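Remember, it's a predicted structure, so these values are computed and weren't measured experimentally.
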Amino acid sequence: MKTNFKKIKEKIIETILMLSSAATSITVVLIVFFLFIEGAGVFTKKPIEEGFLLAVHSTNPIKKLEPSQVKDIFDQKITNWKQLGGKNEPIVLFRTEDITEFYSDEELGENFEHFPAKIDEYVSKTPGVIAFFSDKYKAKNFHGKELEINKIKIFEFLSGEEWFPTAQPIAQMGVKALIYGTLWVSFGAILLALPIGLAAAIYLSEIARKRTRNILKPLIELLAGIPSVVYGFFGLVVIVPLIQNVFGLPVGETGLAGSIVLAIMALPTIITISEDAMRTTPRAMKEASLALGASHWQTIYKVVIPYSASGITAGAILGIGRAIGETMAVLMVTGNAAIIPHTLLAPLRTIPATIAAELGEAANGGLHYQSLFALGCILFLITFCINMMVEFVTNRNSHKKH
């Protein structure tokens, strides 16, 4: 009877564990699926606000314009159609609200019923015009020419250098600056954290006494539990002013500040994993090295470090993974400027910081909203590749040892 009860209990526990594992796996798959479905939606839309159009005079030879060209036109950096391969005519900008400068309230109608006809009239009599207005004001027999606007392409999305997803009349959907900012800060952080983390791991595993190790290791692991906003506040109060004073910069919110904060945050991961890897080095290998006349330091860098290289590499790459996905601390200290950085002493913006800063103001299901999910897809692919690198390095080195 007792044996049967024990088997039933084990079966129930086994079933609960299996269901828990299945539920977790399904949840993760659904999250990733939802992320990519929402992110892919941005490539089914045009960069112009839904329900609006761009039109030119019917005799204008220009049929389509790139988003960057439209932005330059409305920023008045391009002022003549000749600069775009058209006629030698000055460009005349027109937005819906400009109609009151050319027509009185009586001409537009008490309920704006003549709005479409007056826009049509203005476009047809102004050769150099480029008009941006709602398609509900487009006359049935519109005499202008509506410009073709292509849907957002993946290559243009990844290679574009300007990120203005709410710009009018055309959104600028270039994530190159955000990807560069993310990579600059992350690799800057790992360049700072890896030597310090490796040195600390060597000290804890090979040099420190047991009592010292038992005190320091819990303290280091405790750093991983500090909220990222606390690190960000520390960076804002201490590191940002220090960088500004040392380098004589107008502002201290730079990529370097982000790298230093992320390096501090990545240290517990690097130190813990590297130290654990070093302590797995067989005692016989170390004693054999010492017996052959090698010093303690020679044994460390000739035996211990090569043997634990896979663990050290895994710790470093996981440290990069944490740095890439960090949000709040980076948002607080990097200046949040969506420009391509050429030095770590320049302000920049990362992908996680962009999502955190803009998602709250993006309309659900809109172009801006879906573009932020597309950024999330890019971040997922970057971290996924990093995790695959960890698996590859760990498995390759474990096979070598066997």
**Q** List the steps and the verdict of side-chain contact (heavy atoms from CB on, under 4.5 Å) for Q83 and N80.
**A** CA-CA 6 Å; Q83 295 173 258; N80 195 296; 3.8 Å; yes

**Q** Supply the atom-to-atom distance L84 CG to I78 CD1, rounded to the nearest 0.5 angstrom.
**A**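 Taking CG in L84 and CD1 in I78, the distance rounds to 4.5 Å.
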
**Q** Is there a side-chain contact (heavy atoms from CB on, under 4.5 Å) between T334 and E253? Walk through the geometry before answering.
**A** CA-CA 5 Å; T334 54; E253 287 90 351; over 6 Å; no

**Q** Do the side chains of K125 and D120 get close enough for a salt bridge, i.e. N-O under 4.0 angstrom?
**A**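 Not counted as a salt bridge, because no side-chain N and carboxylate O are separated by less than 4.0 Å.
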
**Q** Could you check whether any side-chain N or O of S274 sits under 3.5 Å from a backbone N or O of I271, counting only pairs where one atom can act as donor and the other as acceptor?
**A**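 The answer is no, because no donor-acceptor pair under 3.5 Å joins these two groups.
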
**Q** Mind checking whether F94 and F132 have ring centres under 6.0 Å apart?
**A**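 Judged by ring-centre distance (under 6.0 Å), F94 and F132 do not meet the cut-off.
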
**Q** Throw together a table of side-chain donor-acceptor distances under 3.5 angstrom for residues 18-36, partners on residues two or more places apart or in other chains.
**A**
from: T24; atom 1: OG1; to: S20; atom 2: O; distance (Å): 2.8
from: S25; atom 1: OG; to: S21; atom 2: O; distance (Å): 3.0
from: T27; atom 1: OG1; to: A23; atom 2: O; distance (Å): 2.7

**Q** Quick test of your reading of the model: are R349 and E358 salt-bridged, counting only N-O distances below 4.0 Å?
**A**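 Counted as a salt bridge, because a side-chain N and a carboxylate O are separated by less than 4.0 Å.
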
**Q** Return the minimal non-hydrogen interatomic distance between L194 and A316, and the atom names on each side.
**A**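 Reported closest heavy-atom pair: CD1-CB, 3.7 Å.
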
**Q** Does S308 use its side chain to pair, donor to acceptor, with the backbone of G311 at less than 3.5 Å?
**A**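 No; zero donor-acceptor contacts below 3.5 Å.
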
**Q** Can you confirm whether L348 sits close enough to V185 that some side-chain heavy atom of one is under 4.5 Å from a side-chain heavy atom of the other?
**A**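 Contact flag for L348/V185 side chains = yes.
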
**Q** Do other residues, nucleotides or ligands put more than 12 heavy atoms under 6.0 Å from E97 CD?
**A**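 Yes, the 6.0 Å shell around CD holds more than 12 heavy atoms from other groups.
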
**Q** Can you give each donor-acceptor pair under 3.5 Å made by side-chain atoms of residues 166-181, sequence neighbours left out, with the distance rounded to 0.1 Å?
**A**
from: Q168; atom 1: NE2; to: E49; atom 2: OE1; distance (Å): 2.3
from: Q172; atom 1: NE2; to: P67; atom 2: O; distance (Å): 3.0
from: Q172; atom 1: NE2; to: I170; atom 2: O; distance (Å): 3.2

**Q** Please walk me through it: do F102 and I119 pass side-chain contact (heavy atoms from CB on, under 4.5 Å)?
**A** CA-CA 10 Å; F102 309 105; I119 290 177; over 6 Å; no

**Q** Parallel, tilted or perpendicular: which one describes the rings of F373 and Y369, with boundaries at 30° and 60°?
**A**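 Correct class here is tilted.
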
**Q** Under the side-chain contact (heavy atoms from CB on, under 4.5 Å) criterion, do K118 and E121 qualify, and how do the steps go?
**A** CA-CA 5 Å; K118 293 304 178 184; E121 180 184 317; 3.6 Å; yes

**Q** Taking NZ, NE, NH1 and NH2 as the nitrogens, is one of them in K286 or E206 under 4.0 Å from a carboxylate oxygen of the other?
**A**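 Answer for the salt bridge query: yes.
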
**Q** Taking all atoms of both residues into account, what is the closest heavy-atom pair of Y231 and L223, and its distance?
**A**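 Closest pair (atom of Y231, atom of L223, distance): OH-O, 2.5 Å.
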
**Q** Under 3.5 Å, is there a donor-acceptor pair linking the side chains of T350 and T182?
**A**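 Per modelled atom types, T350 and T182 side chains form no pair under 3.5 Å.
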
